[in-house]
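Written out below as structure tokens is the structure these notes cover.
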Amino acid sequence: LIWHSNPVYTKIPCAHYLNEARYNGTQIVSISPDLNASGIHADLWVPVEPGSDAALALAMCKLLIDEGRHNQQFIKEQTDLAFLVRKDDGHFLRESDLKEKGRDDQFYFWDAAKGEPHPAPRDTLRLPVDPALAGTYSVTLRDGRQVEVAPAFAVLRERLQEYTPEQAATVCHTTPTIVRKLAHMVAEAKAITILQGFNINKYYHGDLMERSQALLLALTGNFGRRGTGMRGWNSSQLLVSHV
């Protein structure tokens, strides 16, 4: 995904790697307001209203979750989406909420088998339990109060309800059909790389656009493997690595 970048125009010495990757089976998607030099050599051009990229990414995320095409094991092990969130204040549930002199950096899963919160390991990503990704549960705080908690993934899923392809299309000015097509391309790909330039950092809340892109990759397990991740200015040389 060439997203907030136009390497055929701005990185001419390296742009040949894109063509070579495409010759070897890689699909190239250009997401940009204009049909630029990179877009005309892509398999798909996705036009967007400038600055509306987060709406597009979040609509894709909603589709992936609604259709069950997200990578649950990766989400549980490699992200914080299984951590419990307090519904009263929106903060992660911490040991300091439950115990006197508890740690502020100790978070919790919900162990569905035992019906209780379980501390997330702080020294490994290996899961000690099978964390719940859905549901609302009650825990007792150290002061005796009861509060409801839910996995962050459940909170995310609820938050994404407003990002249907039709609603997102009114913001990013592409069509719902293209949003669905791109989401399905992402779901079916063996590996996804997002190529970025400096442009996204010029936007107010550009960091949130990047977070929405990172969420898209996290939901599909596209971090930590060859040919995955978000790559910045010197990235197009690396695209050929997953061909």
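Within the 4.5 Å cutoff, the side chain of Ile65 has heavy atoms near those of the Phe153 side chain. Arg142 places a side-chain heavy atom less than 4.5 Å from the side chain of Glu100. Looking at Leu195 and Leu18, their side chains come closer than 4.5 Å, going by heavy atoms from C-beta outward. Between Arg157 and Asp66 the shortest side-chain heavy-atom distance falls below 4.5 Å. Contact annotation: the side chain of Thr220 approaches that of Val186 to within less than 4.5 Å [non-hydrogen atoms, C-beta and beyond]. Inter-residue side-chain proximity for Val129 and Leu127 is flagged as unmet; no heavy-atom pair is nearer than 4.5 Å. The side-chain heavy atoms of Ser30 and Leu44, taken from C-beta on, include no pair separated by under 4.5 Å. No side-chain heavy atom of Thr174 sits under 4.5 Å from any side-chain heavy atom of Glu49.
Counting non-hydrogen atoms of neighbouring residues, nucleotides and ligands closer than 6.0 angstrom, the CD atom of Glu188 exceeds 12 such neighbours. Counting non-hydrogen atoms of neighbouring residues, nucleotides and ligands closer than 6.0 angstrom, the CZ atom of Arg225 exceeds 12 such neighbours.
Between the CE atom in Met209 and the CG atom in Asn201 there is a gap of 10.0 Å [rounded to 0.5 Å]. The line from CG of Leu182 to CD1 of Ile31 is 5.0 Å long, rounded to the nearest 0.5 Å. To the nearest 0.5 angstrom, Leu141 atom CG is 7.5 Å from Leu93 atom CG. From Asn36, atom CG reaches atom NE2 of His41 across 10.0 Å, with rounding to the nearest 0.5 Å. Atom-to-atom distance recorded for Asn19:CG and Asn24:CG is 11.5 Å, nearest 0.5 angstrom. Leu217 CG to Leu1 CG: the interatomic distance, rounded to the nearest 0.5 Å, is 7.5 Å.
Ion pairing between Glu166 and Arg180 holds under the 4.0 Å rule for side-chain N and carboxylate O. One finds a salt bridge joining Asp130 and Lys76 here, because a Lys/Arg side-chain nitrogen approaches an Asp/Glu carboxylate oxygen to under 4.0 Å. The existence of a salt bridge linking Arg86 and Asp89 is confirmed by a sub-4.0 Å separation between a basic side-chain nitrogen and an acidic carboxylate oxygen. Comment: Arg122 engages Asp105 in a salt bridge, judged by a side-chain N to carboxylate O separation of less than 4.0 angstrom.
The hydrophobic cluster containing Val85 does not contain Val139, counting ILVMFWY residues as joined when their side-chain heavy atoms lie under 4.5 angstrom apart, directly or transitively. Linking Ile, Leu, Val, Met, Phe, Trp and Tyr whenever their side-chain heavy atoms come within less than 4.5 Å puts Leu215 and Ile75 in one cluster. Both Val179 and Ile192 are assigned to one and the same hydrophobic cluster, defined by single-linkage of ILVMFWY side chains at heavy-atom distances under 4.5 Å. Connection of Val147 to Leu84 is established within a shared hydrophobic cluster, with ILVMFWY side chains joined at heavy-atom distances below 4.5 Å, either directly or through further cluster members. Leu58 and Val171 fall into different hydrophobic clusters, defined by Ile, Leu, Val, Met, Phe, Trp and Tyr side-chain heavy atoms under 4.5 Å apart, directly or through other members.
Taking both residues in full, the closest heavy atoms of Gln167 and Tyr163 are given as OE1-N, 4.0 Å, listed atom of the first, atom of the second, then distance. The minimum heavy-atom distance linking Pro151 with Ala134 is given by the pair CG-N, 3.8 Å. The shortest heavy-atom contact between Trp45 and Asp34 is NE1-O, 3.3 Å. Closest of all the heavy-atom pairs between Glu77 and Leu125 is CG-O, 3.3 Å. Among all heavy-atom pairs drawn from Ala57 and Ser212, the shortest one is CB-OG, 3.5 Å. For the pair Ala218 and Phe74, the tightest heavy-atom approach, listed with the atom from each and the gap, is O-CD2, 3.2 Å.
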TODO: Would you sort out whether Asp43 and Arg22 count as a salt bridge (charged side-chain N to carboxylate O under 4.0 Å, His left out), showing the intermediate values?
DONE: CA-CA 9 Å; Asp43 296 281; Arg22 192 166 176 233; 3.2 Å; yes
- [ ] Please lay out, stage by stage, how Ile28 and Thr26 fare under the test side-chain contact (heavy atoms from CB on, under 4.5 Å).
- [x] CA-CA 6 Å; Ile28 307 292; Thr26 298; 4.0 Å; yes
Open item on the list: Before you tell me yes or no, could you show the steps for Val149 and Lys87 under side-chain contact (heavy atoms from CB on, under 4.5 Å), namely the whole-Å CA-CA distance, both residues' side-chain angles and the distance that decides it to 0.1 Å?
Closed with: CA-CA 5 Å; Val149 295; Lys87 301 195 82 172; 5.6 Å; no
Task: Steps toward side-chain contact (heavy atoms from CB on, under 4.5 Å) verdict (Leu133, Gln72) - done: CA-CA 8 Å; Leu133 291 180; Gln72 290 202 43; 3.6 Å; yes
- [ ] Check the pair Leu64, Leu216 against side-chain contact (heavy atoms from CB on, under 4.5 Å), reporting the backbone distance first and the verdict last.
- [x] CA-CA 9 Å; Leu64 292 169; Leu216 180 65; 3.5 Å; yes
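Side-chain N/O atoms of Gln213 and Gln196 include a donor and acceptor closer than 3.5 Å. Under the 3.5 Å distance criterion, with hydrogens and angles disregarded, a donor-acceptor pair is assigned to the side chains of Ser38 and Asn6. Inspection of the Glu20 and His16 side chains reveals an N or O donor paired with an N or O acceptor under 3.5 Å. Using modelled atom types, one finds a donor on one side chain and an acceptor on the other under 3.5 Å when comparing Gln146 with Ser138. No side-chain N or O of Glu210 forms a donor-acceptor pair with one of His4 less than 3.5 Å apart.
Within the 3.5 Å criterion, the main-chain N or O of Gly227 finds a donor-acceptor partner in the side chain of Thr193. Formation of a donor-acceptor pair under 3.5 Å by the Arg94 side chain with backbone atoms of Asp104 is found in this model. Although no hydrogens or angles enter the test, the distance criterion places a donor-acceptor pair under 3.5 Å between the side chain of Gln106 and the main chain of Ala120.
In this structure, Phe83 has its ring center closer than 6.0 angstrom to the ring center of Phe109.
Ring geometry for Trp110 against Tyr137 counts as parallel: the plane angle stays under 30°, on a 0 to 90° scale with 60° as the upper cut.
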